[in-house]
Visitor: 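One structure, as structure tokens, below. Some questions next.
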Amino acid sequence: MARANEEAAELLRELADLLSITGGDAFKIRAYEKAARAVEGYPDDISGLELPGLRKIPTVGEAIAKKLLDYNRTGTIRQVEDLRAQIPAGVRALTEIPTLGPKRAHQLYAELGVSSVAELTEAIDEGRLKGLKGFGPKSVENIRHGIELLVQAQDRSPIDVASELADDVVAAVSQVPGVERCQYTGSLRRMRETIGDVDVLVASDDPQPVMEAFKALPFVTEIIGSGDKKTSVRTSRGLQVDLRVVPPASWGAALQYFTGSQAHNIRTREIAARAGLKLSEYGLFDVESGALIVSETEDEVYRRLGLPWIPPPLREDTGEIEAAQKDALPRLVRVEDLRGDLHTHTDLTDGVASLEAMVAAAAERGLEYYAVTDHAPDLVMQRMTDEKMLAQRERIRELQKDYPNLAILHGTELNIGPDGSVDWDADFLAGFDVCVASVHSHFTQDRDEVTRRLITACENPHVNVIGHPTARSIGRRAPVDADWDEVFRAAARTGTAMEVNSFPDRLDLPADLARRALRLGVKFAIDTDAHSVGNMRNIRFAVGTAQRAWLTPDDVINAWPLPRLREFLAKKP
DNA sequence: GCCGTTTTCGGCCCGACTGTTTTCAGTCG
């Protein structure tokens, strides 16, 4: 993804925020937010574009195109600079506090001069909010509490933590008498890489016992709000859970609504409105007569809007509506499409399970092929040697006799050095069925160095897969900085696959980069990188990430039959 | 600020909950 697109999108988003603080027109603000999304998701680099080119970006009109041109020429947008001079950055930060939005953040600034979260804490402690219009005792207490939460829970939760919590809530609530259906929705159903809060939807004609049972769950630490239709709680696992109860007849419309994303829903509602219909969580209605048209299944809601059912991971308003209208949605890759795993470890290096146990688990998963890819000698702490590697190869040949339906491939995970070189010479590498190569150190090289480094690895005729390409650790380590378009072009040209790694704190490539790579003709490997038998269950998170990147089985080399995979692995000149 | 098979002007997605300015604005999703 072009860096210019991201920077320009962030400037437009800041412009929208600053205007909402200064009380700008709400529709104008929405126009900037929409344009920010469009610029971010636009396939071409905007930095070379002039006005006519910029106007081609959806939702970008005359005025925003000029602002983008301003950005292209000066690296910023003048109006943003002007507003920054008026509104300190800290005031925008105030709106991060739950229950405090742009209006009251501005009020605090205008009337009390509060321009940061720290100053707000001070003002509350000194009682300076007393008598301020709109800030009663409960509001002040909510804000104080919100600041505490903001400080301690900066981060969103990893998808595996949220996933487990959601499963627990769904299991418990499903037991309540009168509950006809129960399912988690929201960003978790869309398989976002991190989750802000868990949304659970229930179909029942009798909400009261559902709410009571929900509030009584053992991990609930605080009731944020509770009514007939909706209850929100905080849990001991740090996540907020929102429970929504709807009549069973509204199930499909509600599921569609609560799955989001918000941007996707705005689009579906616009389509409804243009057809004289109204879409809400209760159903699709005729505006004039008020008559209910459909509501029982998601499928019929979409169909009545003239669209095929859209898989949740695509629902981000990044082109899925347009694709649906043209009946050109991708047939997304699924867990059951994967025939093999190309990146796994054993206790020969840093895995915790034996070769035999890992292979048995692979057979249990029903895989057709399975690559064992222990670390190579350059990661010195793994203590790998040529002899150990060759001995493992022999054991695999023996073990193969016990698995007539599972091809066991012998591979390795090479270390990509700072200059792009890998552990072994060509002769030794030629002995492997598959080579994954990954960055494990020197994360702070500059953009040009990292780019060259990864391209050099792709150009190695024995490297088949780049493992966890950005080397990020979600919430802990930033991705390495590279010109990804250049890297992806090299990968496509050399027949090197990019990995989508399953570890919940990696999910690497991330979906946005994978989608970018897809457009440049790259193939992918969706791997567990399993270091234990239990790790194999993580595969669903990488598949979710791949779905968010619009990948189909044809884009994923380990969804291919073995002969086709072998052809790909034979690689390059 | 954007946009057009209702429109180049007048719309722009919809509803729940909270707290407070007692009839509704702000916030959230």
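None of the values given here were measured: they were computed from a predicted structure. Here is how names work: the chains are called A, B, and so on, in the same order as the sequence lines, proteins then strands, and each is numbered from 1.
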Visitor: How far does OG1 of A:Thr259 sit from CG of A:Asn265, to the nearest 0.5 angstrom?
Guide: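 Taking OG1 in A:Thr259 and CG in A:Asn265, the distance rounds to 8.0 Å.
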Visitor: Whom does B:dG15 pair with, Watson-Crick or G-U wobble, provided both distances fall under 3.5 Å?
Guide: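 Partner of B:dG15: B:dC28.
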Visitor: Between C1' on B:dC2 and CZ on A:Arg55, what's the gap in Å once rounded to a whole number?
Guide: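 In whole Å, B:dC2 C1' lies 9 Å from A:Arg55 CZ.
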Visitor: Testing A:Glu6, A:Glu40, A:Glu7 for salt bridge (charged side-chain N to carboxylate O under 4.0 Å, His left out) with A:Arg13, which one passes?
Guide: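 One option only clears the test, and that one is A:Glu40.
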Visitor: Can you measure A:Phe258 atom CZ to B:dC28 atom C1' for me and round it to whole angstrom units?
Guide: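 So the two atoms are 12 Å apart, to the nearest Å.
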Visitor: What nucleic acid atoms does A:Lys278 come within less than 4.0 Å of, heavy atoms only: base, sugar-phosphate, or nothing?
Guide: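 Here A:Lys278 touches the backbone only, sparing every base.
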Visitor: What's the CG-P distance between A:Leu201 and B:dA16, to the nearest Å?
Guide: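 Between P of B:dA16 and CG of A:Leu201: 14 Å.
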Visitor: Check whether the side chains of A:Asp286 and A:Ser289 place a donor and an acceptor atom closer than 3.5 Å, and report yes or no.
Guide: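 Yes, because at least one side-chain N or O of A:Asp286 sits under 3.5 Å from a partner of the opposite role on A:Ser289.
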Visitor: Over all strands shown, is A:Gly225 touching base, sugar-phosphate only, or nothing at heavy-atom distances under 4.0 angstrom?
Guide: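 Counting heavy atoms under 4.0 Å across all strands, the contact made by A:Gly225 is with sugar-phosphate only.
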Visitor: Touch check for A:Gln262, heavy atoms < 4.0 angstrom, all strands: base, sugar-phosphate only, or nothing?
Guide: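 The answer is base, as A:Gln262 lies within the cut-off (heavy atoms under 4.0 Å) of a base atom.
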Visitor: Does A:Tyr257 put a side-chain nitrogen or oxygen below 4.0 Å from OP1 or OP2 of B:dA16?
Guide: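 So the side-chain polar atoms of A:Tyr257 never come under 4.0 Å of the phosphate oxygens OP1 or OP2 of B:dA16.
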Visitor: Does a nitrogen or oxygen in the side chain of A:Asn142 sit under 4.0 Å from OP1 or OP2 of B:dG19?
Guide: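 Indeed, a polar side-chain atom of A:Asn142 lies that close.
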Visitor: With the side chain of A:Phe27 defined as its heavy atoms from C-beta on, choose the nearest nucleotide among B:dG1, B:dG26, B:dG15.
Guide: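 So the side chain of A:Phe27 is nearest to B:dG1.
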Visitor: Both A:Leu279 and A:Thr95 contact DNA chain B. Taking the nearest nucleotide for each, which residue is further toward the 5' end?
Guide: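 On the 5' side of the pair lies A:Leu279.
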Visitor: Hey, is B:dT7 sitting syn or anti, using the within-90° cutoff around 0?
Guide: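 Here the answer is syn: the torsion falls within 90° of 0.
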Visitor: Could you tell me whether A:Arg190 and A:Glu320 make a salt bridge, using a distance below 4.0 angstrom between a side-chain N and a carboxylate O?
Guide: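 No salt bridge links A:Arg190 with A:Glu320.
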Visitor: Between A:Lys229 (NZ) and B:dC14 (C1'), how many Å, whole number?
Guide: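 Atom NZ in A:Lys229 sits about 14 Å away from atom C1' in B:dC14.
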Visitor: Distance check: side-chain N/O of A:Lys28 vs OP1/OP2 of B:dC12, anything under 4.0 Å?
Guide: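 No, outside the criterion.
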Visitor: Is the phosphate of B:dT20, meaning OP1 or OP2, less than 4.0 Å from a side-chain N or O of A:Ser139?
Guide: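 For A:Ser139, the contact criterion (side-chain N or O under 4.0 Å from OP1 or OP2 of B:dT20) is met.
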Visitor: Answer yes or no: are there more than 12 heavy-atom neighbours, outside A:Lys215 itself, under 6.0 Å from its atom NZ?
Guide: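 More than 12 heavy atoms, drawn from other residues, nucleotides or ligands, come within 6.0 Å of this atom.
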Visitor: May I have the distance from A:Arg244 (atom CZ) to B:dC17 (atom P), rounded to whole angstrom?
Guide: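 Result: 6 Å.
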Visitor: Hey, which sits more toward the 5' end of DNA chain B by its nearest nucleotide, A:Arg274 or A:Lys138?
Guide: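 First, find each residue's nearest nucleotide; the 5'-ward one identifies A:Arg274.
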